[in-house]
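Notes for the one structure printed next.
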Amino acid sequence: MSAPFILLVNPWIYDFAAYDLWIRPLGLLSIASVLKKNGCGVHLIDCLDTHHPAMRTYADAGELQQREFGQGRFFKQNIPKPACLAGIPRNYSRYGMYTEVFQNELECLERPDAVLVGTMMTYWHPAVADCIKLIKNIFPDVPVLAGGVYASLCPDHAAACTGADYIVPGPFENSAVETLEAILHKQLQHIAADTVLRPECELLSSKKVLPLMTSRGCPLGCPYCASRLLSPSFQQREPLSVADEIEYWHVRYGTTDFAFYDDALLVHPEKHIVPLLESVIERGLPVRFHAPNGLHVRIIDERIACLMQRAGVKTLRLGLESADESLQKATGGKASRKEFTRAAESLQSAGYTEHEVGAYILAGLPGQCAQSVRSSISFVKDHGVRPYITEYSPIPGTDFWKKAVDCSPFPIEKEPLFHNNSLLPCRSASFTVDDLEALKRESRKT
Ligand code: SF4
């Protein structure tokens, strides 16, 4: 009997805006490593692949400029808005490869034994449904499983709306493995719950920039965040094995840039980030690192800032969220004003410039007023750090969900499309869409 063949699909993004900040289908790449260990054949179609050779033949491919470190824009086509978003005065687009390229990819494949579709934001669900529809057109009798973030946070909605045969919520590896065992009539090796998998990046078409996952979950429990729901326990990988992985990709493929996908990269620094960065420095690897997820501010002191600088950490985003002390307290106190000051000063004395260090500021939390965000922008700028506004997106199952349901003018409980942060889902008289636009302009002013 031949080895099972599993197709992995990372769907498009359908949204008002999307930007490639080193987005890679990490969940699918992790499950690919489990499947390969189990002797399965795997193939990935990444609809967000900006390096797909077939897309390069389109006239507009030249417009897709990558920025210095490999981040940049996606291919984009305007598409009709879902009916419930018709009143929103903005274009709505499909981001990623063109439909005909996806279809052609499917048609060229041998029939898989199963298809695993990864999902991300809850409000991108129409893209998942469209992907599955095309898969089903070509492989009508092949079971399709949907897992990942949306499938975990809204399993009933995903079961009703995506067309998938199986919804596999929770950590993708084991829930999908169990379902696959039943489909394939084959026993597969399960992964211990505390394992942080090394993703199977060989499947990516370009290896210039690769994702790194050195830990899973986060020990904090901010009330607006899904980290605990998606990864209930916090686990860190052995730092030297991460350094080996970095060296492997650099030597084998000349990879120059790595993006950390961790929610809590700096936690327990003495046994994690410090030995990791020291090992990278010792090996003399000419690589750069990017930390697009907010870093824990309170851990950054002069020593860590210096190590980050010497190891080549180029892009840093600090997870401040707010400089408003009452809001900091109400959201778990993950970073105080004093801790932010120390982190910003340490990074500057290590040689980081304003261009390299940014701080996330959350906007549009339930009950938040625009003035609170305005003060946070000033506070961040006063420290020589660049503010980045991140609009709040309500997430089912989080502590803030009920508050969000109560204050949102949109039916967010019924329709995940209204979780979209571009809509400012918890807008109010003291925080309007116009306020948000003004705050964004303010944050960009030098
Ligand atoms: S620190 Fe960051 S990842 Fe951890 S719970 Fe808070 S927002 Fe989530």
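Whatever order the structure lists them in is the order used to number ligands and atoms, beginning at 1.
With a 4.0 Å cut-off on non-hydrogen atoms, H296 touches ligand 1 through its side chain and not its backbone.
Protein nitrogen, oxygen and sulfur atoms, that is N, O or S, within less than 2.8 Å of atom 8 (Fe) of ligand 1 amount to 1.
With respect to the salt-bridge test (charged N to carboxylate O, under 4.0 angstrom), the residues E442 and R374 do not qualify. A salt bridge is defined here as a Lys NZ or Arg NE, NH1 or NH2 lying under 4.0 Å from an Asp or Glu carboxylate O, and R427 with E391 fails to meet this definition.
Looking only at atom types and distance, the side chain of T214 has a donor-acceptor partner in the side chain of H272 under 3.5 Å away.
With sequence neighbours excluded, the residues satisfying salt bridge (charged side-chain N to carboxylate O under 4.0 Å, His left out) with E270 are R303.
Under a 3.5 Å cut-off, the side chain of D20 and the backbone N or O of I23 do form a donor-acceptor pair. No side-chain donor-acceptor contact under 3.5 Å links T398 to the backbone of P394.
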